[in-house]
Amino acid sequence: MARPLPNSTVWTVRSIAIPSGGVSRPPLWLNLLLLIIAAATFAYARHQRQTIDEKLAVVFRPSPNSPEELMAIREELAQTDLNRAELAKELDGRLKYLDAINSEQFYIAIDTAKKRMQFRIGRNVARECAVEIGDMKTITSREGKKWTFIPLKGGFNVAGKETDYAWAVPDWLFAMQGQSPPATRPAIANGLGKYVVVLQNNYVIHSPPPPESPLRGPKPGSYMVPEADLAAIWPRITTETRVYIF
């Protein structure tokens, strides 16, 4: 008769009973709850997508039909990184403008798509007028110096304002007219216009230049409004005044 080996371990295997119904399923109410959560998540994502599309729609334009438009777009595509930054400023300006509507502050809003400027107090429009937008352009002088002007967008404070001033004609204006600047640059009284609201990076909102000024129309990248409208809101404009351009 065989005996077990010394120090050996004897294993006993027991059977485990498995219910005849198999693994239990989650209750019906839990399945319904998961479906409701999934549907709500999808609906919210779709709403967010539509909101983003609406904001981006103001930046993108229809397909061009003329060679001039194609050429302009080619030049713009050469500055892709800059345009991405401008897109961010566009959206930033709109979002800050929406915040201002719910406040009681005085502020200036320029809608570049509608070409309208409004001086507002919260939701109320105190003054509204047409606005001319200075062209986006790069100017190169005969000496090879370059200036690039991009229409300013975003939300920011007024940096200052000028009236009854002497304007030294800048080098970029001579270059834009194909001229070299003289040794002594002329100074024009109110050369940009009688009223000038100074914004960041030397961009401005200004009234029309006088006949003796070499500048015709808005300064590149800036905004020109009728003199009477700027005069009407002039006393209210301070460095605390917010400007929203989109």
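Since we're looking at a predicted model, the values are computed, not measured.
- A 4.5 Å side-chain heavy-atom check between F246 and I110 finds every atom pair outside the cut-off.
- Two residues are said to be in side-chain contact when any heavy atoms from C-beta on lie closer than 4.5 Å; I237 and V197 meet this criterion.
- Interatomic distance, T148 OG1 to I150 CD1, rounded to the nearest 0.5 Å: 6.5 Å.
- Between K153 and T112, some side-chain heavy-atom pair lies under the 4.5 Å cut-off.
- Other residues, nucleotides and ligands contribute only 12 or fewer heavy atoms inside 6.0 Å of the CG atom of N202.
- Considering only residues two or more places apart in sequence or on other chains, R185 meets the salt bridge (Lys or Arg N to Asp or Glu O under 4.0 Å) condition with D171.
- In this pair, F106 and F119 present their aromatic rings parallel. The plane angle is below 30°, not in the 30 to 60° band.
- Using a 4.0 Å cut-off between charged nitrogen and carboxylate oxygen, E128 and R116 count as a salt-bridge pair.
- Applying the ring pair (Phe, Tyr, Trp, His ring centres under 6.0 Å) definition to pairs two or more places apart or across chains, those involving residues 185-242 are Y195-W234.
- The hydrophobic cluster containing L199 also contains Y165, counting ILVMFWY residues as joined when their side-chain heavy atoms lie under 4.5 angstrom apart, directly or transitively.
- Here the closest non-hydrogen pair linking F174 and P182 is CZ-CD, 3.4 Å.
- In this structure, the side chains of T241 and R236 stay at 4.5 Å or more apart for every pair of heavy atoms.
- Between T163 and N190, the closest heavy-atom pair is C-OD1, 4.0 Å.
- Atoms NZ and CH2, from K137 and W172 in turn, are 8.5 Å apart once rounded to the nearest 0.5 Å.
- Taking each heavy atom of E143 and S180 in turn, the nearest pair found is OE2-OG, 3.2 Å.
- For the atom pair CG (D229) and OG (S207), the distance works out to 10.5 Å, reported to the nearest 0.5 Å.
- Grouping the Ile, Leu, Val, Met, Phe, Trp and Tyr side chains by contacts below 4.5 angstrom, directly or via other members, places M224 apart from V198.
- The closest side-chain heavy-atom distance from T238 to V158 is not below 4.5 Å.
- Of all non-hydrogen atoms in A175 and W147, the two that sit nearest each other are CB-CZ3, 3.8 Å.
- Under the 4.5 Å side-chain heavy-atom criterion for ILVMFWY residues, a single connected hydrophobic cluster contains both I121 and M117.
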Working for side chain to side chain contact (heavy atoms under 4.5 Å, CB included), residues W167 and V196: CA-CA 11 Å; W167 185 56; V196 179; over 6 Å; no
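- I233 contributes atom CD1, which lies 7.5 Å from atom CD1 of I205 (distance to the nearest 0.5 angstrom).
- In terms of heavy atoms, G191 sits closest to P210 at O-CD, 3.7 Å.
- Shortest non-hydrogen contact noted between G217 and P209 is O-CG, 3.7 Å.
- With values rounded to the nearest 0.5 angstrom, Q200 atom CD is found 10.0 Å from N157 atom CG.
- Within the model, atoms CG of L173 and NZ of K219 stand 10.0 Å from one another, a figure rounded to the nearest 0.5 Å.
- In this structure, S141 contributes its side chain and K145 its backbone to a donor-acceptor pair below 3.5 Å.
- Taking the side chain as every heavy atom from C-beta outward, E212 and I188 approach each other to under 4.5 Å.
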